[in-house]
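Input: a single structure, listed below in structure tokens.
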Protein chains: 2
Amino acid sequence: MAALDLFGRRGLLRILWELRGEAPLTFRALAAAAELPPGTLNARLKELKAAGLMATEGAYGLTPLGRDLLAALEPLVLWSEDWARAYPPTDS
Amino acid sequence: MAALDLFGRRGLLRILWELRGEAPLTFRALAAAAELPPGTLNARLKELKAAGLMATEGAYGLTPLGRDLLAALEPLVLWSEDWARAYPPTDS
DNA sequence: GTTATTGCTATGAAAATTGTAGCGCCTGCG
DNA sequence: CGCAGGCGCTACAATTTTCATAGCAATAAC
């Protein structure tokens with residue numbers, strides 16, 4: 001399951017998530033949204049480009065494949081809402 | 001989206017995936033299946049325990065909440081099959 | 001020319017991960 | 001008893017990844 005390994009890089013899922021809107025983001029906006037330092041963001045961006053998920057026409061947005069992935073992530077987001085209810089983010 | 005941060009630890013999703021069977025695994029079997037050194041596996045196990053996903057009644061298995069997560073991961077697995085078709089794991 | 005914002009690289013320190021060795025604890029098994 | 005084998009898990013040093021910050025070259029506006 002190579003995809004599971006790809007997702008196991010810090011911030012990668014988060015980047016996808018921050019790109020869920022329609023409008024693409026700038027490098028700096030994405031860094032701020034995903035709370036990643038530029039070096040890490042750039043590394044992830046390269047991986048996402050190589051995986052065919054990231055479009056970089058001027059600004060950063062998702063390819064159709066990336067949009068599919070985002071859709072496939074939807075149940076996981078729903079689960080995480082339930083989970084956050086059961087395990088509220090009070091402490092560390 | 002705290003859950004997305006939790007998943008961004010190396011091997012965590014992989015562990016979940018390896019636990020998809022009915023029978024729980026031993027520590028060593030899980031380490032072998034997920035291809036993780038014992039130190040990392042133990043760190044993940046603690047995080048999963050703390051998140052209420054991991055049951056440790058003798059051997060390691062998923063709690064009902066963990067099973068829900070696994071179910072929520074299903075579309076992602078389907079997506080990854082499509083993705084593997086589009087981006088075959090030939091090169092680096 | 002000055003000011004502002006952009007994408008992105010550089011750097012040194014801190015944190016995470018790796019591979020391997022091995023401890024203490026059981027369970028046979030003769 | 002004595003000893004082999006598996007178990008969960010810790011210890012350690014080396015490597016890799018991530019971090020936070022500073023800053024450069026380019027572009028645009030004024």
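First the proteins, then the strands, lettered A, B, ... as listed; each starts at 1.
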Could you pull out all donor-acceptor pairs under 3.5 Å where a side-chain atom in residues 4-21 of chain A meets a protein atom, sequence neighbours excluded?
residue	atom	partner	partner atom	Å
A:Arg9	NH1	A:Glu47	OE2	3.4
A:Arg14	NE	A:Glu18	OE2	2.9
A:Arg14	NH1	A:Glu35	OE1	3.2
A:Arg14	NH2	A:Ala33	O	3.2
A:Arg14	NH2	A:Glu35	OE1	2.9
A:Arg20	NE	A:Trp17	O	2.6

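The side-chain contact (heavy atoms from CB on, under 4.5 Å) test applied to B:Ala32 returns no partner, not counting sequence neighbours. A:Pro24 is linked by a side-chain contact (heavy atoms from CB on, under 4.5 Å) to A:Ala59, counting only residues two or more places apart in sequence or in another chain. With sequence neighbours excluded, the residues satisfying side-chain contact (heavy atoms from CB on, under 4.5 Å) with A:Pro75 are B:Ala72, B:Pro75.
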Requested in this report: Indicate for each nucleotide in nucleotides 11-25 of chain C, in 5' to 3' sequence, whether protein heavy atoms under 4.0 Å reach the base (B), only the sugar-phosphate (S), or nothing (-).
Outcome: ------SBBB-----

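Close approach of DNA chain D to chain B, defined as any atom under 4.0 Å from a non-hydrogen atom of the protein, starts and stops at D:dC7 to D:dT10.
Within the structure, salt bridge (Lys or Arg N to Asp or Glu O under 4.0 Å) contacts touching residues 75-84 of chain A (residues at least two apart or in different chains) are A:Asp82-A:Arg85. Among residue pairs with one or both ends in residues 66-79 of chain B, none qualify as side chain to side chain donor-acceptor pair (under 3.5 Å); sequence neighbours excluded. Residue pairs meeting the salt bridge (Lys or Arg N to Asp or Glu O under 4.0 Å) criterion with at least one partner in residues 52-66 of chain A, sequence neighbours excluded, do not occur; the list is empty.
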